[in-house]
Every structure is written in C-alpha cells, then in structure tokens.
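Written below as structure tokens is the structure these notes are about.
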Amino acid sequence: MRRFETKAFAIGFKKNTRAPWYYLILLILAGEAVFVLPFVVPRIFRPTVLDVFEMSNLDYNLGVSVYGFIAMVSYLFGGPLADKYPPRKLIAVALWMTAAGGILYAQYPAFETLQLLYGYWGFTTIFLFWAPMIKATRVWGGADAQGKAFGFLDGGRGLTGALFGVLGVFIFSTFMAEEAQTISLEIKKQTFAYLIYASCAIITFIGILVWFFMKSGRDTDNVQLERVSWIEMKQVLRLPSVWLLMIIILCAYVGYKITDVVSQYAEEVMLYNQVTSAKVGTLLQFLRPTTGIVLGLIADRLRITLLLLFGFFLTFIGGLLFASGIIAPSTGLLFFMSVIVIGVGVYSCRALYFGVMRLGKIPLALTGTAVGLISLIGYTPDIFAGPAYGYLLDQNPGELGHQHVFLMLSSFAFIGGITAWIYLRLYGKSSL
C-alpha cells in the first residue's frame, strides 16, 4: 500500500506537471453531457416528461431506480478499471453508448423498456465513466488546487447542463406557444423528441472531441496500476475518511436528487405553466456553475471542509423554508430566494465532497478504487430517493406532498452536516 501512495504523490502531484486547461474543459463537457439524457432533461422538464410518458411520479421513478441498481454494481467494478486504464477511451465510449440509448428514449418506450434503458444508462455512465472522471480531475488539481479542480469541474458541468436547458427552452418555446393553456400530447411528444435528438448529436460530438484531444499524458499515465486486488480494497476500506465520505455523499446526493422536483413545484404550487416552470429549472441549473466557480476560486484559500459543512447548513435551511408551507403563489420573491438557498447549498456540497479526498489521506493511485467503494453507498439515492419522493408526491398531491419531500431533504442535510463536522474535526487542519 505504501508504495502506491509514494508513487502517487511523488509523481502525480508534482508541480508543473498538471494537464493543460483544455483537458479540464473536455472533462467538464463530458462530465455533464453523459448525464443529460437520463437526468438533466427530466430535471428541467419534469412536468413534460411525466406527460409524454403518461406516468405518475412513482411509476416514472421506479423505472429510473433501475439505473441505481445497475450503478451500484458498476461503481464497485468500474472503480478499479479507472486505476488500470487511462480515462480518454473509457469516457469517449461511454458518451457514444449513452447517446445511442437516447434514440430509444425518443420513441417513448413502454414502462418495462424504459426500465431496461435506465439500466443500460447505469452501465454506460458509471462503469465506463464515473471513476475515470473523478481520478482525472484529482490528478489535474495536483497538490495545491483540489478545490479549484473539483469546484471548476462541478461548476462547469452545471453550466453545461444549464446550456442544455437553454437549448431545451428554446426548442419548447419555438414549438409550444408559451401563452397556450392547453397543448396536445402529440405536439408535446414531437417537441420533446426534437430535444432528445439534438442532445444525442451534441453528446456524440463531445465524445469525438474527447477521443482525439483529451490526451491523458504523463499526469494520469504515471498513476495507473497494472492490477488492483482485494488487498488494496481492504486497505482503502480501513480509512475512516472513506466511510465518512460514504455518508456525506449519500446525504448530499439526496439533496441533489430532490432538486428534480423544483420545476414541478413551480407548476403545481406556484401555478406556473410548463414553459415558465422549465425556466425555473434552468435558473436552478445556472446556480450550479456560479457556485462551483466561486468555490473553485476560494476553496483552496480557505478550509474546504468548513465550506462543505456550510453547504449542508444552507441545504437544511432551504429545505425547512419549503417544508414550512409559507411559500405560495403570493410569495414569488420568497420562492426564488429559497430556490437560491437550496441551490447554493446543494451545489456547494456536490462541488466539494470529492475535493476533500486528499485531506482524508486517500492515495491518488487508488482513487478509482476508493471512488468506487465510496460511491457504492454514497449514490444509493439513485435507487431510493426517486421512488421515495415520488410516493410522497403521489400520496399527497399538491403543496402537502412537496412539504414532505423538502422535510426529507432537511433531514438528510442535518445528518450530512453532522458527518461533515466530524470530517472537519478529523482532517480539517491537515495541510494541503
């Protein structure tokens, strides 16, 4: 184990060996593009997605939850894969395979087929993609810029997602008149299909750029291992930081999943139409790059673990504002302020939780393995969060259901905050 750690930090974290900026930019583009079809589009256009697939919240999220089951296996086995092979080819193939699944998505498959499609996406976006992206970002950040690397990664991914949202709003505004009160299901399906096909084309193009231009160079080649055995996995599991990050990421990811319902809240509680609701979802998406970029600029100058704790605090407060029932159509300003509080809190946690890995003494050469093991627990909300809040919304339609969902958000934010405080006490004073 010691030889891996020595090699990783002696070579991977040398100054002046960081990969160029365009390498990080390609990581950013790929990092969000791969999730556009399964998650970004449904998050921004949730009311439309439920309409065109003619499903309830619970039914749709049960279909999506298959993604989580496949992802759990993919995290475990895909992590060591990232420690063995350079990321470029893995990421490019993942993008192309994900885009291919979009062709089926645009045909509005039946519930059983939709489940299979999300299971397929669970493989393409996680087994081939997730750990390579995290490891490459950690290497790019080097010894003194982990906050910058992960802040810019998540902020840039958020900007990419927001731009996809702008594209979608443009397409919807073009084919669905904003002032129309009733639009036929056929027109909704046709418009949504245009959005899916455009997304597939863009994802495919980004894959081509990654394949030809995201050369890993010595930054990542020097921290690849010939093999990863169960001995290395056991060594990683002995680290307290790994177990704490499992809980931190789980709680933060519940918050991220619940942002999916903000556009639905805008329609059902604030009484906005579907185009305006999509604009609210897009606004939330723009909070992500703003938060990530600001954190990228300041996190390495401050205590990154303290900023992580503050992110959970904001998420907790924002969830309570929505759960209290004081946000209604007559309180539009409070609604947008609460959206901003939740967005900044959730995206702060998301931008920083992998950025504290070096503080937790996790060896760079085994980053993929560690990410796989952490994600095995940390991303279980892909399985239970969607069905949970779908059930809450369907059992209590309207404002009451949304209050229950945001109370769930605050509960997980509280647990995450306590765990982040423990991480701060254990590792917060470590030197970068």
Side-chain angles (χ1 to χ4, degrees), residues 35 38-39 43 61 64-79 122 125-126 130-131 133-134 150 154 157 233 236-237 239-261 288 304-305 307-316 318-319 342-343 345-357 359-360 362 367-392 404-427:
F35 295 109
F39 293 117
R43 180 178 303 117
N61 284 301
V64 174
S65 66
V66 176
Y67 175 99
F69 286 105
I70 300 300
M72 291 304 101
V73 179
S74 297
Y75 283 128
L76 183 60
F77 293 99
T125 63
I126 301 302
W130 184 246
M133 181 189 70
I134 299 299
F150 283 98
D154 200 67
R157 289 179 61 196
M233 289 189 179
V236 169
L237 285 172
L239 299 171
S241 56
V242 168
W243 293 93
L244 290 172
L245 279 173
M246 288 179 182
I247 301 173
I248 288 171
I249 293 176
L250 186 151
C251 294
Y253 200 58
V254 167
Y256 183 70
K257 296 292 288 186
I258 287 179
T259 60
D260 290 358
V261 307
R288 184 177 169 194
I304 189 171
T305 46
L307 291 173
L308 178 62
L309 177 59
F310 183 67
F312 277 114
F313 173 75
L314 288 181
T315 305
F316 175 75
I342 280 186
V346 167
Y347 297 138
S348 294
C349 295
R350 184 176 172 84
L352 296 174
Y353 50 50
F354 278 121
V356 301
M357 291 181 71
L359 287 175
I362 297 173
T367 296
T369 301
V371 168
L373 292 170
I374 292 168
S375 300
L376 185 64
I377 302 299
Y379 289 100
T380 52
D382 277 330
I383 297 175
F384 72 81
Y389 70 65
Y391 174 81
L392 293 173
H404 291 166
V405 169
F406 285 103
L407 184 60
M408 171 183 167
L409 169 64
S410 290
S411 300
F412 276 93
F414 179 79
I415 297 171
I418 295 297
T419 311
W421 178 79
I422 295 172
Y423 203 100
L424 172 64
R425 292 294 299 273
L426 290 176
Y427 303 108

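Here the structure is a predicted model, which means the values were calculated and not measured.
Qualifying side chain to side chain donor-acceptor pair (under 3.5 Å) partners for S348, counting only residues two or more places apart in sequence or in other chains: none. Scanning for side chain to side chain contact (heavy atoms under 4.5 Å, CB included) contacts around I377 gives M246, L250, with sequence neighbours left out.
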Pair I374, Y379 - check side chain to side chain contact (heavy atoms under 4.5 Å, CB included), show working.
CA-CA 8 Å; I374 292 168; Y379 289 100; over 6 Å; no

Begin with the C-alpha distance, continue with both residues' side-chain angles, and end with the deciding distance and a verdict on side chain to side chain contact (heavy atoms under 4.5 Å, CB included) for F384 and K257.
CA-CA 10 Å; F384 72 81; K257 296 292 288 186; over 6 Å; no

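W243 places a side-chain heavy atom less than 4.5 Å from the side chain of L237. Counting heavy atoms from C-beta on, the side chains of T380 and Y75 never come closer than 4.5 Å. Here the side chains of I258 and V254 are in contact, with some heavy-atom distance below 4.5 Å. The shortest side-chain heavy-atom distance between H404 and Y391 does not fall under the 4.5 Å cut-off. F354 is not listed as a side-chain neighbour of D154, based on a closest heavy-atom distance of 4.5 Å or more.
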Let me have the donor-acceptor pairs involving side chains of residues 413-423, under 3.5 Å, with sequence neighbours excluded, atom names and distances please.
residue: T419; atom: OG1; partner: I415; partner atom: O; Å: 3.0
residue: Y423; atom: OH; partner: V356; partner atom: O; Å: 2.9

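Considering CG of L308 and CG of L352, their distance stands at 6.0 Å, rounded to 0.5 Å. Taking CD1 of I126 as the reference point, atom CG of D382 lies at 7.0 Å (rounded to 0.5 Å). Once rounded to the nearest 0.5 Å, the distance linking CG of L359 with CG of L424 reads 10.0 Å. To the nearest 0.5 Å, atom OG1 of residue T315 and atom CD1 of residue I342 are 7.5 Å apart. Rounding to the nearest 0.5 Å gives a distance of 14.0 Å between CZ of F412 and OH of Y253. Atom CD1 of I248 is separated from atom CG of L309 by 9.5 Å, given to the nearest 0.5 angstrom.
Between the side chain of Y427 and the main chain of S241, a donor-acceptor pair closer than 3.5 Å is present. Side chain of S410 to main chain of F316: a donor-acceptor pair is present (N/O by atom type, distance under 3.5 Å, no hydrogens or angles). In terms of modelled atom types and a separation under 3.5 Å, the side chain of W130 and the main chain of T125 share no donor-acceptor contact.
Nearest approach of A131 to G78, heavy atoms of both residues: CB-O, 4.1 Å. Considering every non-hydrogen atom in both A370 and I362, the closest pair reads CB-CG2, 3.6 Å. Across all non-hydrogen atoms, the minimal contact from I383 to M72 is CD1-CG, 3.6 Å. Here the closest heavy-atom approach between residue V261 and residue Y389 is recorded as CG1-CE1, 3.5 Å. What you find for G311 and C349 is that their closest heavy atoms are C-SG, 3.4 Å.
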